[in-house]
Number of protein chains: 4
Amino acid sequence: MPEQPRAARRGRPPEAGLAQRRRRQIIESAYVVFAERGYEGTAISDVAAHASIGQGTVYRYFTSKREILDHVVDFGIEKLVATIEPQKMLQLPTSAEDLMESLHAAASRIYDMVEGEPEFIRLLFVEASAIDKELADRLLGLEMFAAKFVARELRRGIEARWIRADVDVDVIAHTILTLVLPGLMRELRGPSNAEVRERTVAAVLNLMMKALRPRSLAP
Amino acid sequence: MPEQPRAARRGRPPEAGLAQRRRRQIIESAYVVFAERGYEGTAISDVAAHASIGQGTVYRYFTSKREILDHVVDFGIEKLVATIEPQKMLQLPTSAEDLMESLHAAASRIYDMVEGEPEFIRLLFVEASAIDKELADRLLGLEMFAAKFVARELRRGIEARWIRADVDVDVIAHTILTLVLPGLMRELRGPSNAEVRERTVAAVLNLMMKALRPRSLAP
Amino acid sequence: MPEQPRAARRGRPPEAGLAQRRRRQIIESAYVVFAERGYEGTAISDVAAHASIGQGTVYRYFTSKREILDHVVDFGIEKLVATIEPQKMLQLPTSAEDLMESLHAAASRIYDMVEGEPEFIRLLFVEASAIDKELADRLLGLEMFAAKFVARELRRGIEARWIRADVDVDVIAHTILTLVLPGLMRELRGPSNAEVRERTVAAVLNLMMKALRPRSLAP
Amino acid sequence: MPEQPRAARRGRPPEAGLAQRRRRQIIESAYVVFAERGYEGTAISDVAAHASIGQGTVYRYFTSKREILDHVVDFGIEKLVATIEPQKMLQLPTSAEDLMESLHAAASRIYDMVEGEPEFIRLLFVEASAIDKELADRLLGLEMFAAKFVARELRRGIEARWIRADVDVDVIAHTILTLVLPGLMRELRGPSNAEVRERTVAAVLNLMMKALRPRSLAP
DNA sequence: AATGAATGAGCTTTCATTCAT
DNA sequence: CATGAATGAAAGCTCATTCAT
């Protein structure tokens, strides 16, 4: 059935998807300038200028500056999740080495991203959290989700005997996720150093291996 | 002590330390209201009101709102350092157990403080960091200083053979310091739970022990 | 006089009255939303939405929001005049009773309308007048026109001796027209009360009768 | 007792009454510019400029533009009441002539004021009423209060037999108060005319006399 | 002819900072 | 020294109007 406009469709046809594109355009611009100058330090006019549109236009697509931040955070989370490529982790690890390798790969990808966009973490974890608790909670929620995932792997590892039985999986899952943080922080400070970075990841994962593997499996 | 009238002010200058006291008073008030409402959400008049002084007076002791934040951060760092009571750590540990005990005690003190002033971490690490990089760097500097301290202990431990020789002390020192973070984050979310908290600290330190102790010493 | 189409437009000219109909449609929508939310409180987009047309279309038929108000006022005046049904008054009264009866009937019709559309008076006399003097003057002009009409009747009444000779007809004509006002005002305040309303009209007209009729005719 | 400041009163003494003066100053400026350009047509900066103060200062004394309007209305009502000099009416009338004389005097004073400040009525009754019902109600309340006052006089007149017994005092009280309106309206249109004005008041009051006096007292 | 996307002027309101007293 | 009154720059947001399609 060809597009049969009902009742003499008059006037300029509303370009489908335009709203989606404009929203995206604004969110991306906001992402950039928020990261650069911070949320409070950014005026809507800055966002509009960066997107090369009028300030008024911004308000055609978002009802408030705050709403834009919400979407910027979602955008950031999407980006973060995409970076980690969780689907790559779906091949269940069958040994501590496997698990560590997965984590190593994920950590590397995160480092790569942060290297490319050093303001990313700042915007997402610092800036957004400073605005209000709801946003901070959203990020914590993300961490909790990931921790549950890791905890499940750990439990499987215990059952399969490639992880010590006395490990408090819930606590350690959170801990593992936090282990990249000190490296990330250092990354944020300035030009990163590939060697230091590799050493950091290696040392931390090595430590985890030592701690998690049952003695019987130790070399 | 009679109140020395102005005009023909002879003798001892009135209260050399008054300026210091005023500054302190303002910083403490700012600390409270910044923690409560955030830096951007706080007006200078709020600070002045909390300190029971006029707004103008604030500007006799600080040149800008921003400068006050600097001092609030310093104040917070002092508090944090005092909480950790580093002098208690000066008795050098002579075993992994010793070191872990020290860290356990420090972690407990930090948890206690956060429990008492949950907005503390938020102000120091989130709010302040969001304002500008220089403040974030100051906090990172604190961490680096502490990490150096821990690294030295680790190195001593290796020499004394109660820590494995293949530990990358610089990296692990940072890592150790970060290990309390996930617990702290959870703490910030709501009413803390003594049992969960103890379990977290125990699990993490246990993990460290396992990882750091040479095999020969393991039970 | 045929309408000469520019650019060889042959065949039936497309809807000569369409413009008229569109204008009418817009004015009626504007009348409704202006009455509901006030002139300043109404956006052109509200008018367009109520008329189920695009905002741009509004500007094909009117050059400005202000111009629409002009027409809304005219529309309101028309409605008011139609309500009063002046043609019914063309049967010249031949006694004070006649005149009063006419006025009574007119007053009743006005009350009925206000009861049905309580925002009517507000829009016409309050809202519009607040915008600019020219609009207020237009309403005053209406009143003056009506007053002239009433004055003529009064003069006829004096000649025919059913009205006192010493009545200042010009002044009293205006006065008569204003006499319904206090009732109308009360009507605007809330749910009207048929009994109060009837009493009001009766009292006022009774008073007029007493005042206008020559003593010789008084019972 | 000389001013004994408690506890070393320091700093510039807060000038007593300044707030009152500033508020008054702002209200009077607002009264002028609101009357001139209307409430919606006036920006706070206009009010501030007219009062020769900064915009920010306005907000030290009022929390919103709307609050200013409230006070302007109160100011207008005060002015109106002061104009009518109700205390002059406290000598109870003892005849219809007395009452009419009182009303005549009051009407004259109102006309005088309107002549001096033609925008007065517009601001108070048109502009303010257009903003919201609460303000309109405040004005209606004023009228109701005055009407009660007049009604009481009328009732006394009936008892004293200088007013007909069959007068519906409540209705007529409202009516009397409205009788000046048409004159006022005309007054608003342009340069007033003393002769027309006198004639208007005379005619209306004469009519009232005729209508209210019992036949037995008529000449 | 009709549309709705785009725009920027202009609004109210906040607040860091200055300064007369 | 201390004060709080004064200020104006700057922010978020609205909407009458324009114009490409």
Side-chain angles (χ1 to χ4, degrees), chain A residues 8-15 18-19 22 40-48 52-68, chain B residues 6 14-15 18-19 22 40-49 52-68, chain C residues 14-15 18-19 22 40-49 52-68, chain D residues 8-15 18-19 21-22 40-48 51-66 68:
Chain A
R9 196 69 191 78
R10 238 96 59 84
R12 176 180 177 179
E15 197 178 332
L18 188 151
R22 276 273 188 269
E40 303 275 3
T42 300
I44 285 294
S45 60
D46 296 330
V47 176
S52 305
I53 59 177
Q55 310 180 39
T57 307
V58 174
Y59 284 90
R60 277 190 66 76
Y61 296 99
F62 297 95
T63 55
S64 71
K65 187 186 178 187
R66 181 49 214 278
E67 198 208 332
I68 296 175
Chain B
R6 65 199 170 88
E15 310 233 38
L18 184 143
R22 275 270 194 271
E40 302 278 1
T42 300
I44 284 294
S45 60
D46 296 330
V47 176
S52 307
I53 60 176
Q55 320 176 35
T57 308
V58 174
Y59 281 85
R60 289 200 67 78
Y61 295 99
F62 297 94
T63 58
S64 71
K65 188 186 177 187
R66 177 50 214 279
E67 198 207 333
I68 296 175
Chain C
E15 309 234 37
L18 184 144
R22 274 272 193 269
E40 302 277 0
T42 300
I44 284 293
S45 59
D46 297 329
V47 176
S52 306
I53 59 175
Q55 318 176 36
T57 308
V58 173
Y59 281 85
R60 289 200 67 78
Y61 296 99
F62 297 94
T63 58
S64 71
K65 188 185 178 187
R66 179 48 216 279
E67 198 207 332
I68 297 175
Chain D
R9 195 70 189 79
R10 238 99 58 88
R12 174 180 178 179
E15 197 177 330
L18 188 150
R21 271 191 297 120
R22 276 274 188 270
E40 303 275 4
T42 300
I44 285 294
S45 59
D46 297 328
V47 176
S52 306
I53 59 177
Q55 313 179 37
T57 308
V58 174
Y59 283 88
R60 278 191 64 76
Y61 296 99
F62 297 94
T63 55
S64 70
K65 188 186 177 187
R66 180 47 214 277
I68 296 175

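Quick note on labels: first sequence line is chain A, next is B, and so on, each numbered from 1.
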Selection: residues 40-47 of chain D, any non-hydrogen atom under 4.0 Å of DNA chain F = none
What's the CZ-C1' distance between C:Arg22 and E:dA1, to the nearest Å?
-> 9 Å
Atom-pair distance (OH on B:Tyr59; C1' on F:dT7), nearest Å | 13 Å
With a non-hydrogen cut-off below 4.0 angstrom, is A:Thr63 in contact with a base, only sugar-phosphate, or nothing?
-> nothing
What nucleic acid atoms does B:Phe62 come within less than 4.0 Å of, heavy atoms only: base, sugar-phosphate, or nothing?
-> nothing
A:Ala43 meets the side-chain contact (heavy atoms from CB on, under 4.5 Å) criterion, sequence neighbours left out, with A:Ser45, A:Asp46
Rounded to whole Å, OH of B:Tyr61 lies from P of F:dC1 at a distance of 7 Å
If one requires at least 3 consecutive Watson-Crick or G-U pairs with distances under 3.5 Å, the stems of DNA chain F turn out to be E:2-21 with F:2-21
For D:Thr42 against D:Lys65, the heavy-atom pair lying closest together = O-NZ, 2.8 Å
Within this structure, what is the CD1-to-P distance between D:Ile53 and F:dG4, rounded to whole angstrom?
-> 20 Å
Can you list the residues that meet the side chain to side chain donor-acceptor pair (under 3.5 Å) rule with D:Ser52, with sequence neighbours excluded?
-> none
Just list the side-chain donor-acceptor pairs under 3.5 Å for residues 54-64 of chain C, sequence neighbours left out, or say none.
residue	atom	partner	partner atom	Å
C:Thr63	OG1	C:Glu67	OE1	2.9
C:Ser64	OG	C:Arg66	N	3.4
C:Ser64	OG	C:Glu67	N	3.1

Expressed in angstrom and rounded to an integer, what is the separation of B:Arg60 atom CZ from E:dT17 atom C1'?
-> 14 Å
How do C:Gly54 and D:Ser64 order along DNA chain E: which one's closest nucleotide is nearer the 5' end?
-> C:Gly54
Could you check A:Gly56 against D:Lys65 and say which one's nearest nucleotide on DNA chain E is further toward the 5' end?
-> A:Gly56
Distance in angstrom units between B:Gln55 CD and F:dC1 C1', rounded = 17 Å
